[in-house]
Amino acid sequence: MRLWHQSLISSLPRQQLLGQHREVAALRGNGWGRPHATVNYVFQYSPYKLYQFHLIVLNEMLRRGYHPNQTWFTAEYRGTSCPAYSQLQAVALTSPIYPEHNAAYLKECLDNLAAKGITL
């Protein structure tokens, strides 16, 4: 499981973009707080930040003509098998959303994609 560097979302091939949606959806749901080495940093922040990141993915999906379930555009939604947040305090949008998405992380993501034969 990985969150791609947010600057790469618009360039990801179809498989990686749709996979990113599945992974973020899982993290927003029952995966929230479950340790995984590559995404543990997200749990240091409000789940609202993950929602903000998911919006980037969802909007890219829309841009490409895909039809994600509209319920994911609601911040409190956590999937069909996880109760929604009763309220989720909005937090200011930062750029990048996660400070961990720095130049070193960008290189790590590009190297990961290159190992899969994907050059962006």
Side-chain angles (χ1 to χ4, degrees):
M1 184 173 285
R2 142 181 324 276
L3 291 187
W4 295 109
H5 190 284
Q6 76 181 68
S7 70
L8 298 177
I9 300 299
S10 63
S11 302
L12 290 175
R14 177 183 192 277
Q15 181 178 349
Q16 280 70 27
L17 177 65
L18 298 180
Q20 185 73 126
H21 168 57
R22 286 189 303 275
E23 291 178 3
V24 175
L27 283 171
R28 284 182 65 185
N30 290 322
W32 183 259
R34 291 199 180 164
H36 193 289
T38 58
V39 295
N40 280 343
Y41 64 91
V42 303
F43 308 133
Q44 298 172 22
Y45 303 97
S46 165
Y48 196 85
K49 282 200 158 302
L50 186 59
Y51 164 70
Q52 291 171 330
F53 185 88
H54 202 186
L55 286 177
I56 294 171
V57 176
L58 292 167
N59 285 320
E60 180 59 23
M61 291 172 68
L62 289 174
R63 189 185 74 77
R64 295 187 193 186
Y66 304 138
H67 303 283
N69 187 324
Q70 291 296 304
T71 54
W72 286 114
F73 287 89
T74 303
E76 295 80 11
Y77 184 69
R78 300 186 70 200
T80 58
S81 64
C82 190
Y85 292 109
S86 57
Q87 66 178 23
L88 183 59
Q89 183 71 36
V91 297
L93 181 62
T94 57
S95 185
I97 292 171
Y98 292 106
E100 290 79 2
H101 287 211
N102 55 26
Y105 188 66
L106 176 60
K107 181 179 181 336
E108 181 182 325
C109 289
L110 290 170
D111 290 346
N112 183 291
L113 289 165
K116 300 175 191 309
I118 301 166
T119 305
L120 301 183

Under the criterion side chain to side chain contact (heavy atoms under 4.5 Å, CB included), I'd like the reasoning laid out for Glu108 against Asp111: C-alpha separation, chi angles, the key distance, then a yes or no. CA-CA 5 Å; Glu108 181 182 325; Asp111 290 346; 5.8 Å; no
So which heavy atom on [X] is nearest to which on [Y], and how close?
| X | Y | result |
| --- | --- | --- |
| Ala75 | Tyr48 | CB-CE1, 3.7 Å |
| Asn30 | Arg34 | O-NE, 3.3 Å |
| Phe73 | Pro68 | CE1-CG, 4.1 Å |
| Ser7 | Ser10 | O-OG, 4.3 Å |
| Cys109 | Leu3 | SG-O, 4.4 Å |
| Gly29 | Cys82 | C-SG, 3.8 Å |

Using the rule given for side chain to side chain contact (heavy atoms under 4.5 Å, CB included), can you reason through Phe43 versus Leu27, listing the C-alpha separation, both sets of side-chain angles and the distance that settles it, and then say yes or no? CA-CA 10 Å; Phe43 308 133; Leu27 283 171; 3.9 Å; yes
Sub-4.5 Å side-chain heavy-atom contact between [X] and [Y]:
| X | Y | value |
| --- | --- | --- |
| Phe53 | Ile9 | yes |
| Met61 | Gln20 | no |
| Tyr51 | Ile97 | no |
| Glu60 | Tyr66 | no |
| Leu120 | Leu8 | yes |
| Gln15 | Leu17 | no |
| Leu58 | Val24 | no |
| Arg22 | Leu18 | yes |

Does the ring of Trp4 carry Arg2 above it, NZ/CZ under 6.0 angstrom from centre and within 45° of its axis?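 Checked: cation-pi criterion met.
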Row check, Tyr77 ring normal vs Arg28 NZ/CZ: under 6.0 Å, within 45°: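 No, Arg28 and Tyr77 do not form such a contact.
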State the [atom1]-[atom2] distance between [X] and [Y], to the nearest 0.5 angstrom.
| X | Y | atom1 | atom2 | answer |
| --- | --- | --- | --- | --- |
| His54 | Trp72 | NE2 | CH2 | 6.0 Å |
| Ser11 | Ile118 | OG | CD1 | 11.5 Å |
| Leu50 | Arg78 | CG | CZ | 10.0 Å |

Got a donor-acceptor contact below 3.5 angstrom from the Gln52 side chain to the Val91 backbone?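 Judged by distance alone, yes, a pair lies under 3.5 Å.
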Donor-acceptor pair, His5 side chain versus Tyr105 backbone, under 3.5 Å?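 Side chain of His5 to backbone of Tyr105: no pair is present.
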Neighbour count above 12 (heavy atom, 6.0 Å) for Arg64 CZ: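 More than 12 heavy atoms, drawn from other residues, nucleotides or ligands, come within 6.0 Å of this atom.
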What's the verdict on side chain to side chain contact (heavy atoms under 4.5 Å, CB included) for His36 and Thr38, showing C-alpha distance, side-chain angles and the deciding distance? CA-CA 6 Å; His36 193 289; Thr38 58; 3.2 Å; yes
Sequence neighbours excluded, every pair satisfying side-chain hydrogen bond (donor to acceptor under 3.5 Å, both in side chains) that has a member inside residues 86-98: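 Pairs touching residues 86-98 that pass the test: Lys49-Thr94.
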